Amino acid sequence: MSKRTLDTFFNPSPKKAKISLTDSKDAPSSHSTYPFTVPQLPPEISDLLNFAPEAEGKAIIDQPDLDLLYFQPYIPGSISTPLFEFLRGELFFYRVKYKIKRGPIETDINTPRFTTVFGVDETSSFLPDGSLIDATTRKPIPKDRYKTCKPRPIPHCLDLLRKLTEAATDQRYNFCLVNYYATGDDSISYHSDDERFLGVDPAIASFSLGAKRDFLLKHKPTPPSDTKSAAAIASETKPLKLPLGSGDMVLMRGSTQGKWLHSIPKRKGGESGNGRINITFRRAMVAGGTENYYRYNVGDGDVMKWDAKTKSMVVWGEKKEGDEVEKKEVKAEDVDKGYAAL
DNA sequence: GTACCTAAGCTAT
DNA sequence: AATAGCTTAGGTA
């Protein structure tokens, strides 16, 4: 005879039967374009994200054409390190390689940072099942809309941050770029995120997690002018240095991208070895933006994943013999506007 | 202040 | 956008 109790007789188990893993609210994010699934944030992190921003944003508008809002920090201090370690440990990254030609000499560039990207431009949107529809007609997109990439939906863990950031900054974002700077040798040189496909005066929210790194901004060179004072030129030339700490967020808006350059320079010692993650949210308006971001932030190289044992990014998944993957070469001419990081 | 050393910044390719 | 190689800045004794 069964040992079934009265209690279980009158309270039959509610689980097992119907609730599948993929329906569950805390199911990992998966998609045909992901090399592996990405877990959702543990509650001890996501619960506290709702208390962000921890500090009020401070406007930095005291220089010509500069419009920043600096949250120091934005992410509560109690979760910035756990969030950093979660993302470093759970996301897939790429070390993009390409060639540049300087005069007659061709040089191999090994991008000095790890990157990954999610999102799709305003002309398309993802359905819950992961398929892409046209944003206007709500019908499946034409097969040739994205010729060189397969857009990836933003995983839940990053999409939560995206939504909170939209609310806090009164802006909309459809792309999430993530960069990992493993040591002080990783960097990004001066550039602007002023691609045409972002539209005029784009707003870009940039989060820092992990090791502290200097963020340098300087005005773009201005055409010579007789009417400009030496002091005015000096103020446009002097770089501004923000010591970005874990949890900080910088919202760059208005004419900032059009008129200023920014970089994360290489650094000796100190922060080296701890690693820093940068997350940017931005809004691409046309399909060309999607092609560009995937080409230069995913590329066609190996998938990399954090290895806790060696405390480093290692190639994920072993290639078996006999299934060589064909790789396309990136042309130097296409690279100039390719990167958009910080 | 001065000499020395290293990190940071600049620029042509 | 990245780097090498050079110049300048900054710290230390």
Side-chain angles (χ1 to χ4, degrees), chain A residues 63 66 93-117 148-149 175 177-198 202 204 206 208 211-224 230 233-245 252 256-274 276 278 280 282 284 288-301 304 313 328-342:
Chain A
Q63 308 238 29
L66 188 64
F93 289 91
Y94 304 86
R95 196 93 178 185
V96 177
K97 295 177 170 66
Y98 61 96
K99 293 174 189 295
I100 59 170
K101 233 183 298 175
R102 292 191 299 227
I105 303 161
E106 194 171 66
T107 313
D108 289 306
I109 299 294
N110 202 350
T111 305
R113 80 198 86 98
F114 296 90
T115 61
T116 196
V117 61
T148 64
C149 69
F175 260 95
L177 276 64
V178 183
N179 300 281
Y180 176 62
Y181 300 84
T183 72
D185 286 333
D186 279 349
S187 64
I188 190 163
S189 49
Y190 276 113
H191 70 285
S192 301
D193 298 310
D194 58 351
E195 293 90 349
R196 293 277 299 279
F197 56 75
L198 294 177
I204 298 178
S206 174
S208 284
K212 177 192 279 185
R213 288 291 293 264
D214 284 336
F215 178 52
L216 270 47
L217 295 120
K218 68 176 180 185
H219 200 282
K220 290 182 183 179
T222 52
I233 293 170
S235 80
E236 289 179 357
T237 309
K238 185 194 296 178
L240 178 68
K241 188 186 294 190
L242 302 181
L244 299 184
M252 297 178 278
T256 301
Q257 299 300 340
K259 300 291 183 62
W260 285 69
L261 301 165
H262 54 267
S263 77
I264 298 284
K266 293 186 192 302
R267 282 291 181 259
K268 209 73 171 276
E271 74 286 5
S272 301
N274 287 321
R276 168 182 181 262
N278 168 241
T280 62
R282 58 197 59 210
T290 296
E291 308 262 25
N292 182 293
Y293 280 152
Y294 283 95
R295 183 167 192 184
Y296 296 111
N297 294 284
V298 174
D300 52 19
M304 308 292 286
M313 291 288 171
K328 275 192 266 183
E329 190 89 320
V330 173
K331 290 201 291 292
E333 307 78 73
D334 301 323
V335 170
D336 66 330
K337 290 295 183 188
Y339 287 85
L342 173 160

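Numbers restart at 1 for each chain; the letters A, B, ... are given by sequence-line order, proteins then strands. Quick caveat: nothing in here was measured; it's all calculated off a predicted structure.
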> Where the side chain of Arg267(A) is defined as all heavy atoms beyond and including C-beta, which of dG9(B), dT3(C), dA1(C) is the nearest nucleotide?
Replying inline: dG9(B)
> Any idea which of dA7(B), dA1(C), dG9(B) is nearest the Lys268(A) side chain?
Replying inline: dA7(B)
Mind listing the N/O atom pairs, protein and nucleotides 10-13 of chain C, below 3.5 Å?
none

> How far apart are the closest heavy atoms of Asn297(A) and Thr115(A), and which atoms are they?
Replying inline: O-OG1, 2.6 Å
> NZ of Lys97(A) versus P of dA1(C): gap in Å, rounded?
Replying inline: 19 Å
> Roughly how many Å is it from CD1 in Ile109(A) to C1' in dA2(C), rounded to a whole number?
Replying inline: 4 Å
> Which atoms form the tightest heavy-atom contact between Pro239(A) and Lys218(A), and what is the distance?
Replying inline: CA-CB, 4.1 Å
>> What is the distance, to the nearest angstrom, from the NZ atom on Lys218(A) to the C1' atom on dC10(B)?
In response: 7 Å
>> The side chain of Arg113(A) is closest to which nucleotide in this list: dA1(C), dA8(B), dT3(C)?
In response: dA1(C)
> Over how many whole Å does the gap from Asn179(A) atom CG to dA1(C) atom C1' extend?
Replying inline: 14 Å
> Roughly, in whole Å, what's the span from OH in Tyr190(A) to C1' in dC10(B)?
Replying inline: 10 Å
>> Whole angstroms only, please: what is the CG-C1' distance between Asn110(A) and dA2(C)?
In response: 11 Å
> For the side-chain hydrogen bond (donor to acceptor under 3.5 Å, both in side chains) test, which of Arg276(A), Arg267(A), Arg113(A), Arg95(A) pairs with Asp186(A)?
Replying inline: Arg95(A)
> Which nucleotide in the list dT3(C), dA8(B), dG9(B) gets nearest to the side chain of Leu216(A)?
Replying inline: dG9(B)
> Whole-Å distance between dA8(B) P and Ile264(A) CD1?
Replying inline: 14 Å
> Lys266(A) NZ to dA1(C) C1': how many Å, rounded?
Replying inline: 11 Å
>> Ring centres under 6.0 Å, that's the criterion: do Tyr190(A) and His262(A) meet it?
In response: no
>> Check for me whether the distance between the ring centres of Tyr98(A) and Tyr296(A) falls short of 6.0 Å.
In response: no
